[in-house]
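Just below is one structure, and these are the notes that go with it.
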Amino acid sequence: MNLRRDVFQAIADPTRRAILLLVASQALTAGAIASNFDTARPTVSKHLQILTECELLEQKQTGREIYYHINAQKMKDVADFIEPFRQMWDDRFNKLEAIMKNYQSKK
Amino acid sequence: MELKTKIHAENGQHDLVITREFDLPLELLFKAYEEPELVEQWMGTKVLKLDNKKHGGYQFETSDAKGNVVFKANGTIHEFVPNQKITRTFEMENAPFDVQLEFLEFEQLTGDTSKLTMHVVYRSVALRDQMLQLPFAQGINMAHNRLQNIVNQLK
């Protein structure tokens, strides 16, 4: 259960989602991944660590380089990628709540 | 941070349930669905038509800053019971998704709190899963657009 929540937290971040998309098309080294982002290298490393801990990414040694692969099975488990959908509705309903509280106090 | 909105979607089913508790009296929650000006505010879209009654319907349209229409949706209202229930269809125009059926139920919890339960039925399991993934795909697109903007600035 705890792991499941962590996975959702992992994919809730837009940079981490972009990393997953990059790696989904081909296995890449940490350096190659980082070169796609304007973010500091240690920040990208941290994202990679989180994604690996959640088992969304796997590390495989090829020669002297470590490549990141997507863990397709895990991605499928998280499936439905329900979290951004929930976030979208939560944002919308938060807005509704704020607008109606304001509406009430104006009356 | 715990989100107040819950989504219940079972694997292999072609429906889902969205629930949310509001710090609002039932009447105010319902009003947010009833008044076109309020719908416009919280949905962030223009309401072209909102005929809240049995056999009624609605039309929404959203434009970008340049005035291009980026989103159009419409639906038919099958049931409209104030402070209790709205049954309606929802269809995105110019999009490859079939119409969906929505059952909205409004409940009072206490004098100041209320609950909305939204049961959405899609034509197929695949379509439901596609709709669930849509915000994820959009998030990726947004991340890509940001990357593209950064790259363009470097040129």
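Residue numbering restarts at 1 for every chain, and letters A, B, ... go by the order of the sequence lines.
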What part of B:E21 gets within 4.5 angstrom of chain A, counting heavy atoms only: side chain, backbone, both, or neither? backbone

Side chain, backbone, both or neither of B:I18 within contact of chain A (heavy atoms, under 4.5 Å): side chain

Check this for me: B:H119, atom NE2, are more than 12 non-hydrogen atoms of other residues, nucleotides or ligands nearer than 6.0 Å? yes

Which distance, rounded to the nearest 0.5 Å, do you find between the OG1 of A:T15 and the CG of A:L51? 10.0 Å

May I ask you to decide whether B:R88 forms a salt bridge with B:E102, counting only side-chain N to carboxylate O separations under 4.0 Å? yes

dist B:E107:CD -> B:L26:CG (nearest 0.5 Å) comes out at 9.0 Å

Minimum heavy-atom distance between A:F37 and A:V44, given as atom pair plus value: CB-CG2, 4.3 Å

Pick from B:Q41, B:M118, B:R20, B:M43 with the largest number of heavy-atom pairs that fall under 4.5 Å of chain A: B:R20

Which residues satisfy the ring-ring contact (aromatic ring centres under 6.0 Å, His included) test with B:Y122, sequence neighbours excluded? none

Going by residue number, which parts of residues 92-101 of chain A are within reach of chain B, meaning a heavy-atom gap below 4.5 Å? A:R92, A:F93, A:N94, A:K95, A:L96, A:E97, A:I99, A:M100, A:K101

With ring pair (Phe, Tyr, Trp, His ring centres under 6.0 Å) as the test, would you mind laying out the steps for B:F80 and B:F30 before giving the verdict? CA-CA 11 Å; B:F80 189 84; B:F30 196 82; 5.3 Å; yes

